[in-house]
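Just so it is clear, the structure is predicted and the values come from calculations on it, not from any experiment.
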Amino acid sequence: MHHRQKKEVPADPGISCLCSISRSSRIQHEKVNQKSFTKLANRLVKKYDIPQAAIPNLTSKRSTAFIRHLVHRRFNLKDIQLQDFDDMVKDVLKEDHATANDLIQTLLEYSVPEAKKWVDYIFEELGLIISVNLPELSPDVPANNDEWADWDAECSSSTPVPYYTLKPPVDQVIWIDTPEACRECFHRIEQERLVGLDAEWKVVFDYAPPRVALLQVAITDQVFLLDMIALCDAFQKQDLGFLLMNLMQNESIIKLGYGFDADMKVLSKQFQACKSITDEVKNLIDFDYFHHSVLPNHLYLCCNHHNGMPIKSSLNGLVEMILGQPLDKREQFSNWERRPLNQSQLVYAALDAYCLLELFWSLEEQAPNFGADVLELLKPLKQGVKAKSNKSGRRKKAKAQRSRIQGAISSYLQDQEASASIDAIAGDAKCSTKEESLCSLPARSSIPVTPASQFRVVVDTMLQGLGKHMRQCGVDCAVLDNKQDHAECVRLSLKEDRVILTRGKVFDQLRQYVPKERIYKVVEEKPIKQLQEVFGFFNVDVEESDIFSLCQHVIRKHEMYLQICNNGDFIEVPTEFMVTMLDGNSRDVVTLGNYRLDMTSGTILGASANVRLQLDHVPREVPPRVCLFYGCVSCGKIYWDGSHLGRAVSGKFRDILGMRVTQSQY
DNA sequence: ATGCTATCCAAATGGTCTGG
DNA sequence: CCAGACCATTTGGATAGCAT
């Protein structure tokens with residue numbers, strides 16, 4: 001607390017002043033971090049309620065910083081619209097005339113006309129003359145202006161394509177600004193099971209406590225926008241607080257929010273009746289918590305749009321991952337105390353609350369596909385909010401939360417294997433030996449037999465050998481290319497319903513993205529052994545007829561993975577036809593099975609597209625020795641029964657055939 | 001007892017990212 | 001801009017061990 005003497009010394013000139021005063025101290029100029037120092041000063045001001053007048057330097061520093069921030073957002077980030085920018089700048093100027101100069105200087109870096117506009121404003125409204133030499137307005141300036149006008153227009157017109165849009169029609173967005181309407185509204189809400197909640201307020205740049213300007217409540221087919229400013233005037237203030245509190249305490253209504261803690265905090269300061277709202281709220285589901293603590297372990301929940309990409313943060317990101325399109329956040333920083341609000345503000349506000357419902361519905365729909373339950377996944381948050389009541393120490397809280405997560409996960413996964421994997425997820429470096437046992441644990445008898453032709457698999461880069469063998473056994477198998485990211489497995493797995501086969505550390509990376517039964521960690525080193533291991537684990541039945549039943553031809557090296565023909569349908573060509581085609585002296589079209597073959601060019605006349613047999617790849621000496629050829633009707637690759645098949649059946653695949661029966665081995 | 005160092009832990013701080 | 005949450009890192013105080 002000896003810092004207290006230091007605190008009142010304002011920023012930069014103060015630091016040197018301070019240093020000169022305390023000769024004995026070991027303070028060095030360059031070591032004083034100005035940012036931290038200002039921060040500390042601000043904190044102390046707040047803590048001891050020091051009046052603004054006593055700290056002019058800090059105050060003006062903050063105002064000019066805020067102005068700069070506004071300009072930055074307006075001109076660089078471009079997420080404030082003209083009207084809001086004007087409103088907020090005027091607020092600051094009103095509060096502190098001294099910022100005027102800085103405003104003009106800052107604006108000059110971006111837009112001369114804009115600076116000019118404000119010089120005029122400051123002169124007319126505040127009676128101050130800013131002496132700057134404005135550069136001559138050059139001819140291109142009007143064009144410049146138009147550009148901005150376009151941009152503003154574009155923002156205010158409802159942007160058509162890339163953003164997520166509000167589902168309920170606009171006339172179901174209902175503005176509430178009278179006590180009667182408000183009571184009726186709350187009455188209506190009480191009948192709902194599920195509501196989406198959000199609040200907006202105007203950004204403040206000083207320490208004035210923010211007040212909620214708008215409260216949005218979304219129900220299935222409507223969104224209520226509560227004009228808190230009007231309602232506060234019209235109501236006995238207490239009554240409004242009690243109405244709110246009633247809603248929050250109502251156990252039978254599930255409230256959905258995103259970072260709703262912050263909103264509740266503002267409400268609790270604003271309404272006496274809501275003082276303990278954070279502690280007393282019932283049945284609140286906060287998607288912020290879900291987003292960061294639950295979703296990372298259950299990424300399959302957003303497989304529709306997410307596809308193994310890195311997780312995006314913020315409500316915006318969550319909506320994009322789960323619902324497919326991002327929100328348009330450009331109104332977020334706008335003036336929520338303006339009346340009436342813009343059309344785009346209204347839509348933004350309604351959407352912010354309504355999207356929470358849609359998130360919930362989407363998860364509700366997704367979760368059962370993976371054997372999970374939404375409420376089970378979301379439940380821990382209800383306690384999560386409650387648990388923060390005391391400052392009893394972050395560590396405890398963190399620990400408690402972690403165990404809650406574990407609880408949620410284990411109730412979802414529900415077996416012993418799961419608890420082992422949870423240990424791993426929880427962070428402690430468990431060594432691979434343990435994990436290996438983890439993989440081979442489940443009772444094989446519990447897994448139904450899968451015929452090889454129905455086993456669908458995606459194989460990671462380091463198991464390409466295994467992939468090749470699996471294909472030869474008739475398994476539909478996608479193989480990743482070397483330079484391809486492992487995460488591509490996840491995308492393919494989710495999109496094409498394939499089991500991921502991988503090994504090593506990658507397994508740990510990938511397994512959180514897919515349901516546990518969709519990924520397997522291969523232990524064996526040699527492809528043949530691996531084949532046995534995998535087929536054994538998944539109880540895959542390989543018949544002799546499966547072997548070489550699929551076309552093995554590599555069509556092309558796709559950017560992502562090897563594109564294999566993988567077709568199982570062949571045209572059977574007797575030797576005599578093959579010979580005449582190779583000689584090239586026949587004009588006949590013959591019917592072979594389900595297909596017709598134009599022998600002039602060796603083209604299969606198929607249903608979809610005509611395919612040319614790859615005659616060039618048949619060595620001349622082969623035909624006399626073989627009686628039947630098989631042409632892949634998809635890519636035209638030609639096969640014949642050579643020694644290959646026999647060798648394979650009696651050789652490398654011997655142990656795999658009929659494994660289902662003799663599954664004792666391994 | 002005194003001084004020095006090593007060790008541990010909670011509190012403080014910095015950084016980043018969200019919300020408005 | 002500010003507040004808050006989270007996470008990693010730092011800090012400073014308390015303590016124990018050792019030598020003086």
Side-chain angles (χ1 to χ4, degrees), chain A residues 1-3 33-43 45-47 58-74 76-77 79-80 84-85 87-89 91-92 95-96 99 102-103 106 197-216 228 257-270 278 286-293 296 311-319 327 329-338 345 348-349 352-353 356 381 384-385 387-388 391-399 401-402 405 427:
Chain A
M1 266 312 129
H2 352 99
H3 304 302
N33 181 338
Q34 199 192 302
K35 208 167 133 199
S36 311
F37 197 76
T38 310
K39 216 161 111 187
L40 176 67
N42 276 319
R43 241 169 49 201
V45 166
K46 210 173 64 173
K47 183 167 177 184
L58 273 183
T59 310
S60 81
K61 192 185 167 89
R62 206 173 42 235
S63 322
T64 55
F66 187 63
I67 292 266
R68 288 215 176 101
H69 178 69
L70 287 174
V71 172
H72 169 68
R73 289 186 76 148
R74 168 74 181 154
N76 292 338
L77 305 180
D79 68 348
I80 307 186
D84 301 298
F85 178 77
D87 284 357
M88 295 203 234
V89 170
D91 281 349
V92 182
E95 195 89 1
D96 184 357
T99 50
D102 196 70
L103 167 68
T106 312
L197 289 172
D198 190 30
E200 312 293 333
W201 56 87
K202 186 174 164 182
V203 167
V204 289
F205 65 95
D206 51 18
Y207 288 127
R211 55 172 183 168
V212 175
L214 189 71
L215 185 74
Q216 306 104 279
M228 299 299 272
Y258 192 97
F260 201 65
D261 276 8
D263 304 55
M264 288 194 293
K265 181 142 200 163
V266 177
L267 285 172
S268 73
K269 292 226 169 97
Q270 191 172 352
T278 309
D286 199 313
F287 278 110
D288 185 26
Y289 178 85
F290 166 79
H291 191 172
H292 297 107
S293 301
I311 197 162
K312 294 194 174 180
S313 50
S314 90
L315 173 60
N316 196 13
L318 185 65
V319 168
L327 294 168
K329 280 300 211 178
R330 281 178 294 189
E331 291 291 345
Q332 182 174 52
F333 207 76
S334 67
N335 179 6
W336 290 105
E337 297 195 358
R338 178 189 307 137
Q345 281 178 305
Y348 169 88
D352 236 18
L356 299 168
L381 353 170
V385 173
K388 79 169 241 172
K391 49 176 180 176
S392 62
R394 265 195 205 154
R395 201 155 281 197
K396 262 186 206 161
K397 187 177 141 200
K399 211 184 272 177
Q401 280 186 349
R402 206 177 317 151
I405 298 165

_According to side-chain contact (heavy atoms from CB on, under 4.5 Å), who are the partners of A/Thr106, at least two apart in sequence or on a separate chain?_
A/Arg68, A/Val71, A/Asp102
_Any base atoms under 4.0 Å from A/Arg211, or only sugar-phosphate, or nothing? Heavy atoms, all strands._
nothing
*Tell me, please, which residues at least two apart from A/Asp84 pass salt bridge (Lys or Arg N to Asp or Glu O under 4.0 Å).*
A/Arg338
*May I ask you to say what A/Arg68 touches in the nucleic acid, namely base, sugar-phosphate or nothing, with a heavy-atom cut-off under 4.0 Å?*
nothing
*asked:* Rounding to an integer number of Å, can you tell me how far A/Phe205 CZ sits from C/dC1 P?
replied: 13 Å
Identify each atom pair where a protein N or O and an N or O of nucleotides 16-19 of chain B are less than 3.5 Å apart, giving names and distance.
| unit_1 | atom_1 | unit_2 | atom_2 | d |
| --- | --- | --- | --- | --- |
| B/dT18 | OP1 | A/Ser313 | OG | 2.6 |
| B/dG19 | OP1 | A/Leu315 | N | 3.1 |

*With sequence neighbours left out, what residues match A/Asp96 under side-chain contact (heavy atoms from CB on, under 4.5 Å)?*
A/Ser60, A/Ser63, A/Ala98, A/Thr99
*Side chain of A/Asn42 - closest among B/dT13, B/dG14, C/dC2*: C/dC2
*Would you mind classifying the nucleic acid contact of A/Phe333 as base, sugar-phosphate or nothing, using non-hydrogen atoms under 4.0 angstrom?*
base
*What is the distance from CD of A/Glu95 to C1' of C/dC1, rounded to the nearest Å?*
13 Å
*Would you mind classifying the nucleic acid contact of A/Lys202 as base, sugar-phosphate or nothing, using non-hydrogen atoms under 4.0 angstrom?*
nothing
*Using side-chain contact (heavy atoms from CB on, under 4.5 Å) as the criterion, list what pairs up with A/Ala213, not counting sequence neighbours.*
A/Ile229, A/Trp336, A/Glu337, A/Arg339
*Rounded to whole angstrom units, what separation is found between the NZ atom of A/Lys61 and the C1' atom of C/dC2?*
15 Å
*asked:* Side chain of A/Ala65, heavy atoms from C-beta onward: which of C/dA5, C/dC1, C/dC2 has the nearest atom to it?
replied: C/dC1
*asked:* Can you measure A/Arg43 atom CZ to B/dG14 atom C1' for me and round it to whole angstrom units?
replied: 11 Å
Side-chain donor-acceptor distances from residues 199-209 of chain A under 3.5 Å, at least two apart:
| unit_1 | atom_1 | unit_2 | atom_2 | d |
| --- | --- | --- | --- | --- |
| A/Glu200 | OE2 | A/Gln216 | NE2 | 3.0 |
| A/Lys202 | NZ | A/Asp91 | OD2 | 2.7 |
| A/Asp206 | OD1 | A/Ala208 | N | 3.1 |
| A/Tyr207 | OH | A/Asn42 | OD1 | 3.3 |

*Could you tell me whether A/Arg330 and A/Asp79 make a salt bridge, using a distance below 4.0 angstrom between a side-chain N and a carboxylate O?*
no
*Whole Å only: how far is the OH atom of A/Tyr289 from the P atom of C/dC6?*
9 Å
*Specify the separation, in whole Å, of atom CG of A/Leu40 and atom C1' of B/dA12.*
11 Å
